[in-house]
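Since the structure comes first, as structure tokens, the remarks are kept for the end.
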Amino acid sequence: MRITKIEPQKNKERVNIYIDDNFAFGILKEIQYKYKLSEDMEVDKNYIREVLIAEEQAKSNDCALRFLSYRQRSEKEIQNKLTKEGFDSEFIENTIVYLKDRELIDDLEFARSFARDKININKHGPKKIKYELYKKGVSGEIIDAILNEDDTEYTRALELAKKKLSSYKNDNRDAKYRKLGGFLQRRGYSSDCVYKILNELIK
């Protein structure tokens, strides 16, 4: 088999490969250069298969990089995205290694950054943060390590409770206790923390 034509696609990063005067496949230019594909080059099925595997791996890597360009992601989020895009497990595993080697994914740093934002911006409690990190596929060991670094739960919850309490000024004590407790629990604060704050603010 002989490559009879190589033509650029509209996407300048890709080219079309023709073998024996018939369109065979499209690939990234970087794959063309890597495998030294040129017109009049003789190729066999095994070589073509190797080229197409490299092309698919490059697509998987590029898909993950685009996904990461918006924000940090957990390893599980990357895996789920690539699975949804239809990549086989072998390519997904290679992409994860590719990203880790370049320090582009790190579940510990991801969890630390995620928790920091939820604490400082959203004022969430540890239970809510733990649940959200769990949904993103972060291991329990990492989640516990991150949450153990947070020593501001009580201060944060107290600040929120004082602000919220003013909206219950027309309610009786029991209603205030029930509503404020429910509010803090929905924000993800621990039962001990909520109980302590309720007893401090509602006499």
Side-chain angles (χ1 to χ4, degrees), residues 1-118 121-122 129-147 149:
M1 295 185 293
R2 182 172 62 88
I3 297 176
T4 49
K5 184 180 179 181
I6 298 177
E7 67 175 9
Q9 294 184 6
K10 288 183 179 179
N11 178 347
K12 295 181 180 180
E13 299 299 316
R14 299 183 62 79
V15 295
N16 291 328
I17 305 294
Y18 290 77
I19 295 177
D20 296 336
D21 295 320
N22 294 311
F23 172 75
F25 48 82
I27 57 172
L28 289 164
K29 276 188 177 180
E30 65 178 88
I31 301 299
Q32 177 200 352
Y33 297 145
K34 179 179 179 181
Y35 287 88
K36 300 180 174 62
L37 300 182
S38 61
E39 292 181 357
D40 293 325
M41 179 180 180
E42 294 290 336
V43 292
D44 59 25
K45 288 183 179 179
N46 288 335
Y47 197 74
I48 292 172
R49 181 175 180 275
E50 188 177 341
V51 168
L52 293 178
I53 288 174
E55 165 71 9
E56 187 71 1
Q57 187 63 63
K59 283 183 179 179
S60 178
N61 293 350
D62 287 346
C63 181
L65 290 171
R66 287 195 303 274
F67 192 49
L68 279 167
S69 68
Y70 300 104
R71 65 167 176 82
Q72 281 183 290
R73 308 281 182 177
S74 68
E75 182 176 330
K76 186 64 174 178
E77 284 181 302
I78 297 288
Q79 291 172 338
N80 289 345
K81 172 66 174 177
L82 294 177
T83 299
K84 184 178 179 181
E85 293 296 325
F87 292 102
D88 290 341
S89 59
E90 179 183 353
F91 296 111
I92 295 173
E93 290 171 8
N94 290 339
T95 293
I96 295 299
V97 172
Y98 171 87
L99 296 174
K100 285 183 175 180
D101 286 346
R102 288 157 181 78
E103 298 182 348
L104 295 173
I105 56 171
D106 180 329
D107 273 5
L108 179 61
E109 288 306 313
F110 167 80
R112 185 172 283 130
S113 176
F114 182 90
R116 185 167 55 245
D117 286 347
K118 293 301 179 182
I121 299 172
N122 304 102
I129 294 170
K130 182 173 185 175
Y131 175 70
E132 291 183 7
L133 283 173
Y134 176 77
K135 286 199 302 180
K136 292 182 181 297
V138 178
S139 72
E141 183 180 357
I142 288 178
I143 294 173
D144 290 342
I146 292 301
L147 293 180
E149 295 175 359

Check: [Y] main-chain N/O paired with [X] side-chain donor or acceptor under 3.5 Å:
X	Y	answer
Glu55	Leu28	yes
Asp44	Asn46	yes
Ser113	Glu109	no
Ser69	Arg66	yes
Tyr35	Tyr47	no

**OP:** Carefully, step by step, assess Arg71 and Glu77 under the rule salt bridge (charged side-chain N to carboxylate O under 4.0 Å, His left out).
**Re:** CA-CA 11 Å; Arg71 65 167 176 82; Glu77 284 181 302; 3.0 Å; yes
Original post:
What is the minimum heavy-atom distance between Ile6 and Ser38, and which atoms define it?
Top reply: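 Result for this residue pair: CD1-CA, 3.6 Å.
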**OP:** Take Glu85 and Lys59 through the test salt bridge (charged side-chain N to carboxylate O under 4.0 Å, His left out) and record every step on the way to the result.
**Re:** CA-CA 10 Å; Glu85 293 296 325; Lys59 283 183 179 179; over 6 Å; no
Would you indicate whether the side-chain heavy atoms of [Y] and [X] approach each other to under 4.5 Å?
X	Y	result
Lys136	Arg73	no
Lys130	Asp144	yes
Ile78	Leu68	yes
Leu133	Phe114	yes
Leu65	Tyr98	yes
Ile146	Leu108	yes
Glu149	Arg112	yes

Original post:
Do Ser74 and Asp107 have side-chain N/O donor and acceptor atoms under 3.5 Å apart?
Top reply: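 Not at all, the side chains of Ser74 and Asp107 share no donor-acceptor pair under 3.5 Å.
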Original post:
Given the rule in the salt bridge (charged side-chain N to carboxylate O under 4.0 Å, His left out) test, do Glu132 and Lys135 qualify, once you have shown the distances and angles that lead to the verdict?
Top reply: CA-CA 5 Å; Glu132 291 183 7; Lys135 286 199 302 180; over 6 Å; no
**OP:** Can you establish whether the number of heavy atoms outside Glu141 located under 6.0 Å from its atom CD is more than 12?
**Re:**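 No, CD of Glu141 has 12 or fewer neighbouring heavy atoms, counting only those of other groups under 6.0 Å.
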**OP:** Please lay out, stage by stage, how Lys5 and Asp21 fare under the test salt bridge (charged side-chain N to carboxylate O under 4.0 Å, His left out).
**Re:** CA-CA 7 Å; Lys5 184 180 179 181; Asp21 295 320; over 6 Å; no
Subject >> Qualifying residues under side-chain contact (heavy atoms from CB on, under 4.5 Å), relative to Phe25, sequence neighbours excluded >> reply: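 Phe25 satisfies side-chain contact (heavy atoms from CB on, under 4.5 Å) with Ile17, Ile19, Ile27, Ile48, Val51, Leu52 only.
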